[in-house]
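Taking it in order: structure first as structure tokens, then the write-up.
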Amino acid sequence: MAILVTGGAGYIGSVATELLLAAGERVVVLDNLSRGHRAAVAPGAEFIEGDTRDRALLQALFGRHDIDTIMHFAAFALVGESVEHPALYFENNVNGTHTLLNAAVDAGVKRVIFSSTCATYGFPDRIPLTEELPTRPINPYGLSKRMVEEILEWYAKAYDFRYVALRYFNACGATEVHGEDHEPETHLIPNVFRAITGEGGPLKVFGDDYATPDGTCIRDYVHVTDLIDAHIRSVRYLREGGMSDYFNLGTETGNSVLEVIRAVERVTGGAVPYAFAARRPGDADRLVASSAKAREVLGWQPRKRDIEVVVNDAWRWHQAHPGGYGD
Ligand code: UDP
């Protein structure tokens with residue numbers, strides 16, 4: 001019995017693989033390496049280089065391995081790119097997942113943990129965000145994830161499987177061995193590091209006139225090991241007969257862009273060069289999770305809730321891996 005981790009060479013999937021192995025699970029990783037790194041796949045996992053749209057490969061994979069649960073991370077995840085190239089997102093994220101689910105249903109796989117996002121909500125009517133808020137995605141990335149959620153809903157009604165869709169807020173942090181290495185890098189914390197080390201120019205802070213106390217956007221930064229802890233709890237929940245459901249994963253505290261910059265300065269002892277720039281299209285003023293449901297149903301409690309702890313882990317990884325995974 002094994003867990004299939006799609007996207008296991010990517011940032012969050014690599015940490016999932018590491019922590020699943022540590023929890024004693026057998027892990028098969030499927031990744032096409034279009035954005036991931038071969039070196040990010042933990043040596044204890046079986047690695048298969050391939051694509052979620054390759055039905056024949058999936059059939060062979062499910063035939064060869066007794067897959068108990070799928071953790072599905074493989075997807076494109078850049079909001080800006082999705083607006084410029086929506087076709088990429090519907091093709092990879094929706095069509096890829098649809099093909100994966102069809103192969104899984106055929107093979108009799110009973111459980112799916114789906115990597116979703118708070119971008120399914122769009123601009124929320126209220127903060128903190130709870131799961132019953134309406135989903136009104138405002139970009140193709142968020143819509144592609146919502147479309148998969150809807151496919152999951154109908155498939156779970158018709159076929160014999162159950163799912164948990166986990167809506168992440170801002171994933172960040174690192175373990176000793178696995179961290180964030182994207183090219184191009186668009187995320188705030190790695191970009192602050194690039195500014196402070198001189199690898200990039202000064203950080204561009206997108207917008208200074210949001211409706212927040214310091215004018216910069218507020219986000220809920222959740223440590224990647226806490227995210228994966230919620231995935232492992234979701235596997236247990238489904239194995240014990242839990243019903244298909246959605247859970248928001250965030251720390252329930254918000255930090256502004258300027259607060260993140262200050263946290264990086266405290267951790268590194270350096271000064272972050274930055275300049276204010278125009279707003280980035282599609283950025284909401286404030287996105288902070290309510291994770292009450294994950295707490296109650298999954299018993300999840302994020303442990304690394306302090307932004308300095310998160311930044312410290314990410315910084316340690318960045319320093320130990322100056323060129324990322326080196327590819
Ligand atoms: N941000 C910024 N400069 C950067 C990258 C991000 O000011 O170089 C801001 C961005 O506008 C948002 C917050 O930092 O308010 C978090 O952005 P990120 O891309 O990390 O995550 P998102 O919230 O888009 O998922």
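In listed order, ligands and their atoms are each counted from 1.
Remark: the Tyr274 side chain and the Asn191 side chain contain no N/O donor-acceptor pair separated by less than 3.5 Å. For the residue pair Glu153 and Tyr246, a side-chain donor N or O sits within less than 3.5 Å of a side-chain acceptor on the partner.
Contact shell of ligand 1 (protein heavy atoms, cutoff 4.0 Å): Asn170, Thr186, His187, Leu188, Asn191, Leu203, Lys204, Val205, Phe206, Cys217, Arg219, Tyr221, Val257, Arg280, Asp283.
Residues Phe161 and Leu152 meet the side-chain proximity criterion, which asks for heavy atoms closer than 4.5 Å. In this structure, Glu308 and Val267 have side chains that are in contact, with non-hydrogen atoms separated by less than 4.5 Å.
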Requested in this report: Mind running salt bridge (Lys or Arg N to Asp or Glu O under 4.0 Å) on Arg233 and Asp229 for me, showing each step along the way?
Outcome: CA-CA 6 Å; Arg233 286 170 186 274; Asp229 177 47; 3.1 Å; yes

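Applying the salt bridge (charged side-chain N to carboxylate O under 4.0 Å, His left out) definition to pairs two or more places apart or across chains, those involving residues 165-177 are Glu149-Arg167, Glu176-Arg316.
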